[in-house]
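Heads up: the structure comes next, in structure tokens.
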Amino acid sequence: MSNDYTEMWSSLGLNLQAHQGLLGVLSDAYQNIYLSQQGRPEGIKYFDFVISEVHGQRIVEIVKKKMEGKPIIGTFCVYVPEELILAVDGVAVGLCAGADVGTDEAEKYLPRTTCALIKAFMGFKLAGLCPYVESTDLIVGETTCDGKKKAYEILNEVTGKVYVMELPNMKNDESKILWKKEVRKFARKLSEITGIEITLERLKEASSIVNAKRKALQRLSALRSHDPAPISGLDALLINQVSFYDDPVRFTSQVNGLCDELEKRAKAGTGVAPKGTPRVLISGSPMAIPNWKLHAVVEGSGAVVVGEESCVGERNFSTLFDRSFSSVDETIDAIADRYMTINCACFTPNNERLGDIKSMIEKLHAHGLIHYALQFCTPYMVEAYRVRQAINGGRFPFLGIETDYSMEDMGQLKTRIEAFVEMIKEGPHS
Ligand code: BJ8
């Protein structure tokens with residue numbers, strides 16, 4: 001960190017000693033996993049900086065916005081419409097949920113057999129380690145998986161700031177009506193806490209900011225189709241993780257600048273790994289920052305990750321919202337429709353996700369698919385079977401991984417992934 005932020009962290013109520021320890025671990029991990037990579041593009045330096053200041057500079061900005069009366073809205077899911085938050089001059093932040101912290105505290109409230117992501121968001125809050133959650137005015141939950149929706153009840157007891165959106169589990173006409181009502185209700189809630197009326201003009205401006213961000217991420221995703229890959233999967237994952245924290249306008253301009261550089265690299269045939277390196281698509285549970293475990297193992301095993309069919313990845317940006325409407329209600333309904341195009345395993349049936357995976361395999365020229373499920377994440381663990389069947393009747397190289405945030409299974413993971421990469425190398429593409 002470039003400055004001493006102790007006073008700010010203390011005023012946010014963080015556990016200073018434990019927080020210092022966490023930053024130390026994070027910085028070491030970043031050094032080992034990220035800064036040791038070879039052939040990174042110049043434009044990635046901005047993202048290195050963002051990470052180095054993830055609990056520093058960015059929190060200063062957020063606290064300043066809060067003092068100006070702008071609402072800070074914490075989220076855990078890509079179904080929460082960012083357009084509406086920006087339309088009331090709010091700041092949307094994805095809350096800390098990607099590391100094994102505060103587990104003992106979390107397990108006082110949650111069963112041990114809860115997915116790591118849920119334990120982490122409870123752990124970060126209970127152990128006083130997340131300046132984002134402490135800065136929020138509202139934490140928006142959603143009725144997606146059972147673990148999350150039950151944990152939100154407890155998180156609300158602890159913080160008193162949780163608002164839950166009811167997300168249906170099916171995508172039929174009745175469910176879509178319910179979801180539209182929920183999105184309108186959320187818009188009213190935001191207006192209520194800010195005193196700002198959501199107008200057509202505000203919605204247009206907010207949508208164009210979010211849309212530009214999604215377009216930049218789409219551009220980055222498309223560039224990963226080149227062989228050699230112009231950027232590592234680790235770096236692309238990082239950018240997707242940062243998209244949930246950073247100022248959206250600045251972020252978009254930085255991603256576009258990086259993409260200009262990557263286009264030049266692609267033209268010149270410059271990559272992070274030699275042409276012909278095995279290309280892996282990862283699909284499944286989201287990888288919240290700083291969960292870099294699987295990418296690090298895959299890329300350390302001689303493959304390159306070319307895409308993430310994940311909420312920290314393609315599911316977050318694959319659909320744009322770029323149509324204009326003549327009334328606020330119509331626009332909000334269309335925003336609700338846009339979010340219904342996200343294909344999360346919490347839905348049944350969820351056949352569209354299978355189509356998304358097949359099309360990503362094709363577009364990104366992937367040679368193998370690793371299905372990633374956090375342990376105890378039933379929706380993705382169960383859906384892995386259908387994913388495997390869908391891709392070429394089970395003949396496309398597939399590896400199913402169930403893991404958590406701990407390092408205990410690293411040896412076993414490495415062995416399985418190295419064998420998988422070897423199998424790809426011997427496959428028809430080589
Ligand atoms: S739209 S994937 S961000 S719910 S918490 S489902 S890991 S058991 S996060 Fe998600 Fe929204 Fe769906 Fe995406 Fe599993 Fe854990 Fe549940 Fe999780």
Side-chain angles (χ1 to χ4, degrees), residues 74-82 92-100 103 106 109-125 139-155 162 164-171 175 179 182-183 186 214 217 237 240-241 243-245 282-289 291 293-294 308-319 336 338-350 352-354 356-357 371-384 387 400-406:
T75 65
F76 293 109
C77 179
V78 293
Y79 271 99
V80 179
E82 191 177 347
V93 282
L95 296 176
C96 301
D100 243 346
T103 311
Y109 295 83
L110 301 168
R112 199 185 50 78
T113 50
T114 303
C115 102
L117 192 146
I118 298 173
K119 263 198 223 174
F121 74 63
M122 288 299 290
F124 267 105
K125 167 62 201 161
I139 299 172
V140 187
E142 30 24 75
T143 55
T144 46
C145 68
D146 289 349
K148 261 180 162 181
K149 67 188 171 212
K150 297 313 288 180
Y152 291 140
E153 294 171 12
I154 304 170
L155 188 64
V162 178
V164 177
M165 296 183 78
E166 184 175 354
L167 188 74
N169 287 169
M170 294 177 116
K171 290 186 180 174
S175 305
W179 177 239
E182 274 302 297
V183 173
F186 180 52
R214 292 188 184 130
L217 288 167
L237 172 67
N240 277 290
Q241 290 173 332
S243 73
F244 292 94
Y245 294 81
I282 291 180
S283 165
S285 309
M287 294 171 177
I289 198 166
N291 177 9
K293 183 176 171 180
L294 184 59
E308 295 79 23
E309 189 282 317
S310 162
C311 290
V312 182
E314 211 79 5
R315 287 202 289 269
N316 181 34
F317 57 76
S318 64
T319 330
R338 182 266 163 205
Y339 281 84
M340 269 285 143
T341 64
I342 299 168
N343 298 319
C344 170
C346 296
F347 278 84
T348 183
N350 192 30
E352 295 86 349
R353 178 172 170 234
L354 309 178
D356 293 345
I357 295 171
H371 192 276
Y372 168 80
L374 280 172
Q375 267 164 13
F376 313 115
C377 171
T378 312
Y380 285 93
M381 281 165 65
V382 174
E383 206 159 272
V387 171
I401 298 280
E402 284 168 20
T403 185
D404 56 16
Y405 295 163
S406 78

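For ligands, and for the atoms within them, numbers begin at 1 and follow the listed sequence. For this chain, numbers begin at 1 and follow the sequence in order.
- Near Cys115, meaning under 4.0 Å from any of its heavy atoms, are these atoms of ligand 1: 5 (S), 7 (S), 8 (S), 15 (Fe).
- In this structure Lys171 satisfies the salt bridge (Lys or Arg N to Asp or Glu O under 4.0 Å) test with no other residue, sequence neighbours excluded.
- Counting only distances under 2.8 Å, and ignoring water, the protein N, O or S atoms around atom 12 (Fe) of ligand 1 are Cys344 SG.
- Residue Thr144 holds its OG1 atom at 7.0 Å from CG of Leu167, rounded to the nearest 0.5 Å.
- Of the candidates Cys377, Ala116, Ala151, Gly141, it is Cys377 that places a heavy atom closest to atom 14 (Fe) of ligand 1.
- Taking the six-membered ring where the residue is Trp, the centroids of Phe76 and Phe244 are separated by 6.0 Å or more.
- Near Ile118, meaning under 4.0 Å from any of its heavy atoms, are these atoms of ligand 1: 5 (S).
- Here is the list of ligand 1 atoms found below 4.0 Å of a heavy atom in Tyr380: 2 (S).
- Between Tyr152 and Phe121, the two ring planes are parallel [angle under 30°; tilted spans 30° to 60°].
- Between Ser283 and Arg353, the side chains place a donor N or O and an acceptor N or O closer than 3.5 Å (distance only, hydrogens not considered).
- Between Lys293 and Asp404, at least one side-chain N (NZ, or NE/NH1/NH2) sits under 4.0 Å from a carboxylate O, which counts as a salt bridge.
- With hydrogens and angles ignored, the 3.5 Å screen pairs no side-chain donor or acceptor of Ser318 with any backbone N or O of Arg315.
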